[in-house]
Amino acid sequence: DVKVTQSSRYLVKRTGEKVFLECVQDMDHENMFWYRQDPGLGLRLIYFSYDVKMKEKGDIPEGYSVSREKKERFSLILESASTNQTSMYLCASTGDTNTEAFFGQGTRLTVV
Amino acid sequence: DAKTTQPPSMDCAEGRAANLPCNHSTISGNEYVYWYRQIHSQGPQYIIHGLKNNETNEMASLIITEDRKSSTLILPHATLRDTAVYYCIVRVYRDDKIIFGKGTRLHILP
């Protein structure tokens, strides 16, 4: 079975902490994505990457950065966590253009 | 911004066909229509996609109008497990961004 694995299902962090959300896929996919999902706002694209060491801003990149040092791993970094970053974070990957996206189970992050 | 419009919610009786509409009037000739669904507290799951021909798989059927400005996802015999939010997405060819709209919340009624 193909898999996108996110390192944590639930996470609680303090305001100001540096937070790393990890995502690993085992499908040799080129493209990886980070979304956040909030009630009433749907899924919003934060960053995506179409190759190792490449990254592109999505619709809401402010307050986030990403790292893609290896093809299978895409990390989302909250440099200084704030309470408005409390959300569900979802990672996804796709292969060649126009194939379907596979999603991880999500990380529910609470910043207190 | 999402390039699709969907009704915010729909009801369907269990055992009946669920027909979920999607409007994508600005679709370009090389853009595909994708459907995903998200069951509560899980990541979205791929259902089906198509370019201009109707498509069917083990989960659903996709009907795309001849002018490609709208489509309908059909779940032939809805069950309670089909209760979810369904997203219709237009994927820009050679652009890897996947932009979600608000989707349709489908309620299956026993």
Side-chain angles (χ1 to χ4, degrees), chain A residues 1-10 21 23-25 27 29-51 54-61 68 74 87-108, chain B residues 1-9 22 24 27-53 55 57-60 62 64 68 73 84-106:
Chain A
D1 246 6
V2 295
K3 268 195 177 169
V4 178
T5 304
Q6 295 184 228
S7 53
S8 303
R9 189 80 171 96
Y10 299 95
L21 302 183
C23 175
V24 177
Q25 50 93 6
M27 297 164 280
H29 279 171
E30 290 80 12
N31 312 306
M32 297 187 74
F33 307 80
W34 275 107
Y35 295 86
R36 65 177 282 177
Q37 185 170 30
D38 303 286
L41 297 176
L43 284 97
R44 293 180 290 167
L45 182 63
I46 304 171
Y47 267 97
F48 64 104
S49 167
Y50 51 87
D51 201 353
M54 304 299 287
K55 61 184 180 183
E56 294 284 343
K57 293 180 180 179
D59 296 323
I60 51 163
R68 185 127 182 244
F74 192 34
S87 186
M88 169 70 87
Y89 289 88
L90 288 153
C91 175
S93 73
T94 65
D96 296 334
T97 303
N98 287 326
T99 62
E100 64 268 30
F102 293 88
F103 281 82
Q105 284 294 88
T107 296
R108 188 166 294 281
Chain B
D1 285 353
K3 297 176 68 174
T4 61
T5 305
Q6 299 176 253
S9 67
C22 179
H24 32 81
I27 193 170
S28 299
N30 54 8
E31 289 177 319
Y32 286 71
V33 179
Y34 283 78
W35 283 83
Y36 291 81
R37 74 180 183 184
Q38 187 175 24
I39 295 170
H40 182 63
S41 297
Q42 298 182 20
Q45 174 193 25
Y46 165 81
I47 301 173
I48 198 167
H49 74 282
L51 181 61
K52 51 185 174 183
N53 298 319
E55 302 288 344
N57 63 20
E58 65 279 2
M59 288 182 68
L62 173 60
I64 302 174
R68 301 208 327 122
L73 178 75
V85 178
Y86 288 78
Y87 298 97
C88 169
I89 294 166
V90 167
R91 181 88 178 272
V92 178
Y93 189 68
R94 293 193 183 279
D95 181 340
D96 297 314
K97 287 170 61 173
I98 305 175
I99 303 299
F100 285 81
K102 300 289 178 65
T104 296
R105 185 172 296 277
L106 178 65

Under a 4.5 Å cut-off applied to non-hydrogen side-chain atoms, are B:I98 and A:L45 in contact? no
Between B:Y36 (side chain only) and A:A101 (backbone N and O only), is there a donor and an acceptor less than 3.5 Å apart? yes
Quick one: salt bridge (Lys or Arg N to Asp or Glu O under 4.0 Å) partners of A:E30, sequence neighbours excluded? A:K71
Qualifying residues under salt bridge (Lys or Arg N to Asp or Glu O under 4.0 Å), relative to A:R9, sequence neighbours excluded: none
How about A:F103 and B:F100: are their ring centres within less than 6.0 Å of each other? yes
Taking everything shown except B:R105 itself, do over 12 heavy atoms lie less than 6.0 Å from its CZ? no
Most contact-rich option vs chain A, by heavy-atom pairs under 4.5 angstrom, among B:S41, B:G103, B:G101, is B:S41
From CD (A:E100) to CD1 (B:I47), nearest 0.5 Å: 12.0 Å
Relative to chain B, which segment of A:L90 carries a heavy atom at a distance below 4.5 Å: side chain, backbone, both, or neither? side chain
